Amino acid sequence: MNYFRVVRNWFGKRDLHKLSSAKRSKAVHNFGNARSVALVYREKGEGFFILVKQYVQVLKAEYGIKEVLALCYIDNKKPVPHYHAHRLKYDYFTAAKLDWKLKPSCEEVDRFTEKQFDILIDLEKDPCIPMLYVVAMSKATFKVGYYSEEWKSLYDMMLKTSGQTTFDGYIDQINHYLNLINTVHARA
C-alpha cells in the first residue's frame with residue numbers, strides 16, 4: 001500500500017467515525033415485518049454476483065420482502081463487468097466515483113443512501129472504507145453486518161463469525177437471527 005493510500009484511509013476512517021455518531025431513526029426489524037431490504041457488497045466476480053442475486057430471490061420468495069435493492073462497490077477504474085449492466089435492482093459504483101478520502105460521490109450512492117430501507121445487510125467480511133461510508137450514510141433503520149470492534153457504532157446488529165465462515169454460512173446466520181428477533185420488545 002502506497003503512502004497516498006495510507007493517508008486516504010486515515011482521513012476516510014476519521015470521517016467515518018464522525019459520521020457513525022450522527023443521529024438517525026432506528027427501529028428493530030425482522031423478516032416478518034420488513035418491507036424493504038438493502039444489500040451492500042464488494043465485487044468479487046461473477047460467481048459472487050450470482051450468490052447475491054440468488055439471495056435477493058430468496059428474500060422475495062421465501063420471506064415476502066417486496067423491495068430488495070443491492071449496491072456493489074467495484075474497487076477499480078477498469079471497465080465494469082458485463083453482469084453489472086442490468087441495473088434495475090442491482091446498482092454499483094466504482095473507485096472512480098470516490099473523493100480523496102475514499103467517500104463515494106455519485107448519484108447511485110446518493111439515491112441508495114437516501115432511501116429509508118427497513119433493513120440494510122452488509123455482505124462484506126473485510127471492512128472497506130467506501131462501503132462503510134454507504135452503511136454510515138444510509139437512512140436504513142436497522143443495519144446488519146459482520147462483527148468489527150472498530151465499526152460497531154455503524155451497525156445495530158453484528159454477527160461474529162469464524163474466519164472460515166462462507167457466504168452461505170453468513171447468510172444462514174442472518175436469516176436465522178432476522179427470523180428470530182422479536183420486534184415487540186427489542187430496541188435498536
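Keep in mind it's a predicted model, so treat the numbers as computed, not measured. Nothing fancy with the numbering, it's 1 onward along the sequence. Below, each value reflects all heavy atoms present in this structure, side chains not excepted, and no hydrogens, waters or symmetry copies.
The neighbour count for Arg35 CZ, taken as heavy atoms of other residues, nucleotides or ligands under 6.0 Å away, does not exceed 12.
Annotation for Thr165 and Lys125: closest pair O-NZ, 2.7 Å, computed over non-hydrogen atoms. Here the shortest heavy-atom pairing between Gly12 and Tyr133 reads O-OH, 3.3 Å. Leu120 approaches Ala140 most closely through the heavy-atom pair CB-CB, 3.6 Å.
Looking at Lys26 and Phe142, their side chains never come closer than 4.5 Å, going by heavy atoms from C-beta outward. Considering only heavy atoms from C-beta on, Tyr146 stays 4.5 Å or farther from Tyr155 through its side chain. Counting only heavy atoms from C-beta outward, the side chains of Asn30 and Asn179 never approach each other to under 4.5 Å. The closest side-chain heavy-atom distance from Ile171 to Leu123 is below 4.5 Å. Residues Gln116 and Ser25 form a side-chain contact, since some pair of their non-hydrogen atoms from C-beta on lies under 4.5 Å apart. Side-chain contact between Tyr177 and Val144 is absent, with no heavy atoms from C-beta onward closer than 4.5 Å. Proximity of Ile65 to Asp118: side-chain heavy atoms (C-beta onward) are nowhere separated by under 4.5 Å.
Ring-plane geometry between Tyr55 and Phe167 is classed as perpendicular, the angle between the planes exceeding 60 degrees on a 0 to 90 degree scale with a lower cut at 30.
For the atom pair CE of Met158 and CG of Asp122, the computed distance is 9.0 Å after rounding to the nearest 0.5 Å.
In terms of the salt bridge (charged side-chain N to carboxylate O under 4.0 Å, His left out) criterion, residue partners of Glu149 (sequence neighbours excluded) are, by chain and number, Lys152.
Between Asp91 and Arg111, at least one side-chain N (NZ, or NE/NH1/NH2) sits under 4.0 Å from a carboxylate O, which counts as a salt bridge.
Under the 6.0 Å cut-off for aromatic ring centres, Phe93 and Phe112 do not qualify, their centroids lying 6.0 Å or more apart.
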If you look only at distance, which donor and acceptor atoms sit under 3.5 Å apart when one is on a side chain in residues 95-102 and the other is two or more places apart or in another chain?
residue : atom : partner : partner atom : Å
Asp99   : OD1  : Lys101  : N            : 2.8
Asp99   : OD1  : Leu102  : N            : 3.2
Asp99   : OD1  : Lys103  : N            : 3.0
Lys101  : NZ   : Asp15   : OD2          : 2.7

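Both Val56 and Val58 are part of a single hydrophobic cluster, where members link through side-chain heavy atoms under 4.5 Å apart. Residues Tyr147 and Met131 share a single hydrophobic cluster, defined by chaining ILVMFWY side chains whose heavy atoms lie under 4.5 Å apart.
Looking at Asp172 and Tyr170, their side chains never bring a donor and an acceptor atom within 3.5 Å of each other.
Screening residues 53-68 for salt bridge (charged side-chain N to carboxylate O under 4.0 Å, His left out), with sequence neighbours left out, gives Glu67-Lys115.
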